[in-house]
Amino acid sequence: MNEFETTGHSAGNGAVHADLHGAATQFRFRTERLEVTALGLNSTCSFRLAMRHYAGIRVVDVSATGLGLCATEPLELSDGILLEEVSFQHAGRTFCLGSALVVYPQIHADQRFGIKFLGEPLSLQAVRFCDSLVEQKIGRTMELQANYCEHLPADWRAMVVTFYNVMIDIRHHLDGYEQNDATGQWREPEISWQLCGAVFDKIWPAISKLNYDLDVQAQGFDANQAELGQSFAQRLINLEFPVCEFLDRAYSKPQGYAGDYRMMELGQTNELVGSTLFARFLHYYSQHTPLGQTIKARAGVAYRAVAEVIAQDRPVRIMSLACGPAVELRRLLAEVEHFKHPLEILLVDQDEDALRSCITELNRVISKRGDNPPVIFHGLHFSLRQILAPKKGGEQQLVNDVLSKVDLIYSMGLFDYLQQPLARRTTSRLFDLLAPEGRLLIGNLCRVPESTWMMEYGVAWHLVYRKEDEMFDLGHGIEKSACSFQVLKDRTGNCLFADARRIN
Ligand SMILES: C[S@@+](CC[C@H](N)C(=O)[O-])C[C@H]1O[C@@H](n2cnc3c(N)ncnc32)[C@H](O)[C@@H]1O
């Protein structure tokens, strides 16, 4: 056996000691010390010395075996002198340390000296627990709760809790239903849909009023209240919601942003997604609130606009900017009976995953038709910024050659993220890319309190909602004689469309 071979326990039972490593650089061992400044609190020490009690002596560093102290006045100390009833006060707690010896008395001009414990060592873990967990973390929690109480109206907080309680109850009931459903029929898409629909119909009258009241009241909040209100609502609501992919994406922003293309897909599926009935219920809920229904309805407006353009007796080009899953095109390409002329579709999105999924699905629809229609897709992994200010070279060429002379440009779910000056500039730029008699159609959601409270306060999904005058204002930079401009609504009335047609 050589010196590195071990006997006894097998390697699987623990480390092979011969394989353990020492330090690579810091070889000299010293017990851990904490600078009191690092603890972020003022700590003091008290003791008895020769019948006199000293208290409030400042602690400058702490180790398991002793303390560094600094007195405000000279003390009669000598090396090895005994201190009794030593205690360390930190973060409102007192650690009794018994007796200690003075070491290095007043070697500094500033009355510093050290003491060395004679009894049990001080647990630095306990000191840190006290400091970082109790004082800082729990302290912050208590401060936050006090802020909620001070700044947020009690009736508003009560409404948030009511909303949360309803969701918990629904989860309990649906979990119970699942457990009693021995054959697992709830998983059947139609049955899930019916069950979730019945629950939604039962709660929605009261819940929509609650959401409405919460949103209207929150509209009067100042910036501090809005921030506190969002934190108050989100910490409750997101205890239950992450099981739903739609709501979880909105809140957790898995791609740095919500990855909305997937949300738009989930918003328009006929099958509920989720491994529990409650998760499916939340999916149903997301689809059936007013703005949830608008996701489908606004796609209907785009569908009709595309259908109108391709009904012309000539080849046409259309562009969907921020196309996401382009569910409206999937439907249309499946439903149009015959394509007499070539149709070129430009799909533009900054998210490569969105484009990949969009084009895969559109190709699937086309191949399912079996008639090989003259439809061409161009997936352009391009952002709005590149359209507005393309770099010289490839980007400029692409915009000039490919993204121009388009018969219909439409965009939904993009302007809801743009502030008015940028939205105006984008509108003018897109209008310039139209072919003569081309059409630009820009959708933007309206604020609907029954939905927007949940979006902003529940899942932190912040959009720029617009009113009719702001939609008209988007056309500000377009030359009036070149354009006829109107504002349309989808069938829910909750998505407005700026509809600009080039006259020549
Ligand atoms: C809410 S989704 C809308 C998708 C689709 N238009 C619909 O209605 O189903 C927003 C889409 O905008 C895309 N997007 C966001 N910012 C963009 C930008 N600056 N340039 C291009 N696409 C963008 C996202 O990747 C996402 O697919």
Side-chain angles (χ1 to χ4, degrees), residues 245-246 249-250 252-269 273 295-296 298-299 301-303 305-306 309-310 316-334 336 339 342-369 373-391 393-418 422 426 429-430 433-434 440-443 461 463:
E245 188 182 347
F246 185 96
R249 277 185 168 266
S252 63
K253 316 218 172 2
Q255 293 169 243
Y257 77 110
D260 320 25
Y261 88 88
R262 176 68 183 141
M263 292 177 70
M264 295 304 106
E265 200 164 50
L266 289 165
Q268 297 175 76
T269 52
V273 173
I295 293 175
K296 274 188 184 166
R298 73 178 181 186
V301 175
Y303 179 105
V306 177
V309 174
I310 63 177
V316 288
R317 309 178 75 223
I318 64 168
M319 182 205 300
S320 174
L321 173 61
C323 62
V327 173
E328 67 285 350
L329 292 178
R330 290 186 206 168
R331 276 181 45 220
L332 183 127
L333 294 178
V336 168
F339 288 89
L343 166 61
E344 208 178 328
I345 301 179
L346 309 165
L347 299 156
V348 184
D349 204 290
Q350 58 78 40
D351 183 339
E352 209 172 355
D353 289 344
L355 281 174
R356 188 176 302 115
S357 139
C358 173
I359 291 178
T360 306
E361 287 305 317
L362 290 175
N363 279 327
R364 207 191 307 274
V365 172
I366 291 287
S367 62
K368 226 171 155 188
R369 288 176 62 98
V375 180
I376 299 172
F377 305 115
H378 298 287
L380 301 169
H381 185 207
F382 226 55
S383 78
L384 173 62
R385 183 187 289 267
Q386 291 165 294
I387 295 180
L388 290 176
K391 289 200 190 108
E395 285 186 17
Q396 255 180 13
Q397 199 180 346
L398 192 112
V399 174
N400 293 339
D401 298 352
V402 183
L403 299 181
S404 60
K405 300 198 176 54
V406 187
D407 298 290
L408 168 69
I409 300 178
Y410 72 93
S411 189
M412 305 173 300
L414 173 65
F415 278 63
D416 313 68
Y417 290 102
L418 309 183
L422 179 59
T426 306
R429 177 75 179 130
L430 294 177
L433 300 178
L434 289 176
L440 172 63
L441 197 59
I442 294 164
W461 192 16
L463 299 180

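If you're wondering where the values come from, they're calculated on a predicted model, not measured in any experiment. We use all heavy atoms of the structure for the numbers below, so side chains are in, but hydrogens, waters and symmetry mates are not.
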Check your understanding: What closest approach, in Å, do Leu355 and Gly379 show between heavy atoms, and which atom pair accounts for it?
Key -> CD2-CA, 4.2 Å
**Study point:** Straight-line distance of Phe339 CZ to Ile366 CD1, nearest 0.5 Å
**Key:** 6.0 Å
Practice item. Decide yes or no on salt bridge (Lys or Arg N to Asp or Glu O under 4.0 Å) for Glu328 and Arg331, but give the supporting numbers first. Key: CA-CA 5 Å; Glu328 67 285 350; Arg331 276 181 45 220; over 6 Å; no
Review point. To the nearest 0.5 Å, what is the distance between OG (Ser383) and CG (Asp351)?
Key: 12.0 Å
Check your understanding: Just how far is it from atom CZ of Arg317 to atom CD1 of Ile409, taken to the nearest 0.5 Å?
Key -> 9.5 Å
Study note, to complete from the structure: Heavy-atom closest pair (Pro325 atom, Cys358 atom, distance to 0.1 Å) is O-SG, 3.8 Å
Check your understanding: Under a 4.0 Å N-O cut-off, is there an ion pair linking Arg330 with Glu265?
Key -> yes
Review point. Roughly how far, to the nearest 0.5 Å, is CG of Leu433 from CG of Leu346?
Key: 10.0 Å
**Study point:** Heavy-atom side-chain proximity of Leu422 to Leu388 below 4.5 angstrom
**Key:** yes
Review point. Looking at CG of Asp407 and CE of Met319, how far apart are the two atoms once the value is rounded to the nearest 0.5 Å?
Key: 11.0 Å
Practice item. Report yes if the side chains of Arg364 and Thr360 come closer than 4.5 Å at any heavy-atom pair, otherwise no. Key: yes
Check your understanding: Do you know the tightest heavy-atom contact between Leu414 and Leu384?
Key -> CD2-CD2, 4.4 Å
Practice item. Look only at the side chain of Asp349 and the backbone of Gly324, and say whether a donor-acceptor pair between them is shorter than 3.5 Å. Key: yes
Revision key, fill the gap. Correct closest heavy-atom pair for Glu352 and His381 would be N-NE2, 3.6 Å
Practice item. Could you check Val348, Leu398, Leu380 and say which one makes a side chain to side chain contact (heavy atoms under 4.5 Å, CB included) with Ile387? Key: Val348
Practice item. Without swapping roles, check the side chain of Gln268 against the backbone of Met264 for a donor-acceptor pair under 3.5 Å. Key: yes
Check your understanding: Are the side chains of Leu321 and Tyr410 in touch, meaning some heavy atoms are under 4.5 Å apart?
Key -> no
Exercise for review: Determine whether Arg249 and Trp461 make a side-chain contact, defined as any pair of heavy atoms from C-beta on separated by less than 4.5 Å.
Suggested key: no
Point to revise | Matching residue for Ile310 among Val316, Leu408, Leu333, Val375 - test: side chain to side chain contact (heavy atoms under 4.5 Å, CB included) | key: Val316
Check your understanding: Just wondering, do Ser357 and Tyr261 contact through their side chains at under 4.5 Å, heavy atoms?
Key -> yes
Check your understanding: What's the spacing between Gln386 CD and Lys391 NZ if we round to 0.5 Å?
Key -> 7.0 Å
Check your understanding: Are Leu362 and Leu347 close enough that some pair of their side-chain heavy atoms sits under 4.5 Å apart?
Key -> yes
Review point. Do the side chain of Arg369 and the main chain of Val336 share a donor and acceptor less than 3.5 angstrom apart?
Key: yes
Practice item. Could you tell me whether the side chain of Arg429 reaches within less than 4.5 Å of the side chain of Val399, counting heavy atoms only? Key: yes
